[in-house]
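Scroll down for the structure; my scribbles are underneath it.
Numbers restart at 1 for each chain; the letters A, B, ... are given by sequence-line order, proteins then strands. Just so it is clear, the values below take in all heavy atoms, side chains as well, and ignore hydrogens, waters and symmetry mates.
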2 protein chains.
Amino acid sequence: MGIADRKEREKLEMKRLIMEAAMRMFVEEGYEKTSIRNIADKIEYSPATIYLYYKDKDDLLYDVQGQAFEQLLRTFREKAVSKSPLKKLEQISKAYVQFGLEHPDLYDLMFIIRAPMNKVEKEEAWLNGEGCFQFLLDCLEDCTAQKLLRFRDKMVAALSIWSMVHGLVALNVRCRFKVMKMEEDGVRHAIDTAIEDYLKMIKN
Amino acid sequence: MGIADRKEREKLEMKRLIMEAAMRMFVEEGYEKTSIRNIADKIEYSPATIYLYYKDKDDLLYDVQGQAFEQLLRTFREKAVSKSPLKKLEQISKAYVQFGLEHPDLYDLMFIIRAPMNKVEKEEAWLNGEGCFQFLLDCLEDCTAQKLLRFRDKMVAALSIWSMVHGLVALNVRCRFKVMKMEEDGVRHAIDTAIEDYLKMIKN
DNA sequence: AAACTTACTGAACAGTGTTTAGTAAACCAA
DNA sequence: TTGGTTTACTAAACACTGTTCAGTAAGTTT
């Protein structure tokens, strides 16, 4: 049945149209400041139409999140290519921080925003997030196999490294480093030094 | 003039009444879910009254934030009492993480929420936050003076350690460790191990 | 051509932060 | 004590939010 196929295609296209408009606006204005009405205006449909494709605003966020994680994973695959596990770990860490600093609003909705993860459902949308984590985990597997790191447990290593880089990005994104009364360049340099130091310290 | 004094007192009392109700509700329900109308209902005043004491919801948040930082600083002073700088640093770090895990909504509004810090004003409310940071800085001063840490720069040390503990708490509070598919106890244990490992690694 | 299905929307509901005009009580000067 | 002024407060409105639902018009099938 050609018609049913076409309708299926059109439905997916429409969903994509909504998602891409939403993503653009989340990145430009932030999640909270982007309303369903704003998105509807942008794509020239009624707000109610969006609810024919997404259950609620969170559902839309899940989809954008999936897209964002895919983008991060692509960045990893592009930038973390070294064959040396330690060098690769460094590339991952730096790519992560750079991603966070360059796309603060995207980072926000991936790692800081409250909304998702509350419901156990929506595992598909979360799959790309798992892909990113797995990328780190695989690298750490290689590192620990060769006893290159001072961590005993692979999971503790992952949790530690992730926390370190997330802490750097999150505190910066939320302007908490302001308490240090440094210029923006100084903070950026301190962040770079911090990650450099950290990577040295975890080496065996 | 006794009457003017009393009025002044009453004004401060009223402001305190609002702030304490707000803080209780922020902690119980979270900042976003607590509306000005809810707070007004709780203290049995009209919503408009709150605006006679606070410019807007952010202004109220600043005040609550100040209170929360005071609470954290008290915790530091209680729990980080060792004369050994390294031991004291450990006590600070653990107190911080424990505070974050025990009061997630308070932690949220201190270190994760977007609202404040945007305006340069409001330095008074931010003073307690500086107090907390200074507490860490003083400890690090002692550490680096005796060359006990592997950091060269005091500020980089502060930024690193803070990022580490914030990362642990923030990712946990926002349920991002769910990607690791561990039970809650396992995560908690991994966090403890991570901080233990980190403190060992930064030692000279 | 009639019946059915689909895609969409206008309007409403209940909530939000915030402002303003108005009121009633408290206070002060005569 | 009276009259005027200041203070403390509020009801109601404004402009927004996410979300739902009845209704419509076009597309599809019989």
Side-chain angles (χ1 to χ4, degrees), chain A residues 1-19 21-23 25-26 28-65 109 113-116 118-119 122, chain B residues 1-19 21-23 25-26 28-65 109 113-116 118-119 122:
Chain A
M1 255 304 115
I3 287 176
D5 285 4
R6 196 203 69 220
K7 292 232 164 180
E8 190 71 19
R9 248 185 0 253
E10 283 175 351
K11 221 164 182 167
L12 285 175
E13 257 170 52
M14 184 66 179
K15 196 162 181 178
R16 185 154 203 88
L17 178 70
I18 296 169
M19 200 233 68
M23 185 165 187
M25 297 180 75
F26 288 168
E28 279 164 22
E29 297 286 337
Y31 176 72
E32 299 292 348
K33 280 187 184 167
T34 305
S35 72
I36 299 288
R37 279 174 181 82
N38 293 158
I39 300 170
D41 275 3
K42 186 78 94 183
I43 59 174
E44 296 177 292
Y45 279 84
S46 133
T49 301
I50 291 176
Y51 286 88
L52 300 175
Y53 296 86
Y54 289 99
K55 174 175 146 284
D56 53 26
K57 207 187 170 189
D58 272 7
D59 195 25
L60 180 50
L61 176 60
Y62 287 129
D63 219 1
V64 174
Q65 224 169 30
L109 101 214
I113 268 185
R114 188 161 233 140
N118 299 343
K119 282 106 192 180
K122 272 298 156 193
Chain B
M1 256 306 115
I3 287 176
D5 285 4
R6 197 204 67 222
K7 292 233 166 182
E8 190 70 19
R9 238 175 20 242
E10 282 175 353
K11 220 164 183 169
L12 285 176
E13 258 171 52
M14 184 67 179
K15 196 162 182 178
R16 184 153 203 90
L17 178 71
I18 296 169
M19 199 232 69
M23 185 165 187
M25 298 180 74
F26 289 169
E28 279 164 22
E29 298 285 336
Y31 176 72
E32 299 291 349
K33 281 187 183 166
T34 304
S35 72
I36 299 287
R37 280 174 181 81
N38 293 158
I39 300 169
D41 275 3
K42 186 77 97 185
I43 60 174
E44 297 177 291
Y45 279 84
S46 133
T49 301
I50 292 175
Y51 287 88
L52 300 175
Y53 296 87
Y54 289 98
K55 174 175 146 284
D56 52 28
K57 207 186 170 190
D58 273 7
D59 195 25
L60 180 50
L61 176 60
Y62 287 129
D63 219 0
V64 174
Q65 222 169 32
L109 100 213
I113 269 184
R114 188 160 233 140
N118 300 344
K119 284 107 190 178
K122 272 299 155 194

Problem - Distance (rounded to the nearest 0.5 Å) between Ile18(A) CD1 and Ile39(A) CD1 - result: 8.5 Å
Practice task
Would you mind reading off the distance between Tyr45(B) atom OH and dA11(D) atom C1', rounded to a whole angstrom?
Solution key: 17 Å
Practice task
Return the value, rounded to whole Å, for the distance between atom OH of Tyr53(B) and atom C1' of dA8(D).
Solution key: 6 Å
Completion exercise
Separation of dT19(D) atom P from Leu61(A) atom CG, nearest Å, is 12 Å
Practice task
Please tell me if the side chains of Met23(A) and Phe26(A) come closer than 4.5 Å, counting only heavy atoms from C-beta onward.
Solution key: no
Exercise for the section: Taking all non-hydrogen atoms of both residues into account, name the closest pair between Lys33(B) and Asn38(B) and its distance. Expected result: O-OD1, 3.7 Å
Problem - Non-hydrogen side-chain atoms of Asp63(B) and Lys15(B) separated by less than 4.5 Å - result: yes
Handout entry: Distance in angstrom units between Ile50(A) CD1 and dA7(C) C1', rounded
Key = 14 Å
Problem - Reported CD-to-CD distance for the pair Glu32(B) and Glu32(A), which is rounded to 0.5 angstrom - result: 5.0 Å
Fill in the blank from the handout: Checking dA11(D), dA8(D), dC8(C) against the side chain of Thr49(A) (C-beta onward), the nearest is dC8(C)
Exercise for the section: Treat primed atoms plus P, OP1 and OP2 as sugar-phosphate and everything else as base, then score nucleotides 16-22 of chain C 5' to 3': B for base contact with protein heavy atoms under 4.0 Å, S for sugar-phosphate contact only, - for none. Expected result: BBBBB--
Exercise for the section: Measure from CD1 on Ile39(A) to C1' on dT17(D) and round the result to the nearest Å. Expected result: 12 Å
Exercise answer: donor-acceptor pairs, residues 42-53 of chain B side-chain atoms, under 3.5 Å, sequence neighbours excluded:
unit_1, atom_1, unit_2, atom_2, d
Ser46(B), OG, Ala48(B), N, 3.0
Thr49(B), OG1, Ser46(B), O, 3.4

Problem - Bending between helix ends of the helix from dA1(C)-dT30(D) to dA30(C)-dT1(D) [5 pairs per end, 10° resolution] - result: 20°
Practice task
Calculate, to the nearest 0.5 Å, the distance between atoms CZ and CG belonging to Arg9(B) and Leu12(B) respectively.
Solution key: 10.0 Å
Exercise for the section: Describe the nucleic acid contact of Tyr54(A) in one word from base, sugar-phosphate, nothing, applying a heavy-atom distance below 4.0 Å. Expected result: nothing
Practice task
Nearest whole angstrom, please: distance from the C1' of dA8(D) to the CD of Glu44(B).
Solution key: 17 Å
Exercise for the section: Starting at atom CZ of Arg9(B), determine the distance to atom P of dA8(D), rounded to an integer number of angstrom. Expected result: 14 Å
Practice task
Determine, for Tyr31(A) and Lys57(A), whether the Lys NZ or Arg CZ falls below 6.0 Å from the six-membered ring centre while staying within 45 degrees of the axis.
Solution key: yes
Fill in the blank from the handout: In this structure, CE of Met25(A) is separated from OG of Ser35(A) (nearest 0.5 Å) by 7.0 Å
Practice task
Figure out the NZ/P separation between Lys11(A) and dG27(D), and round it to whole Å.
Solution key: 17 Å
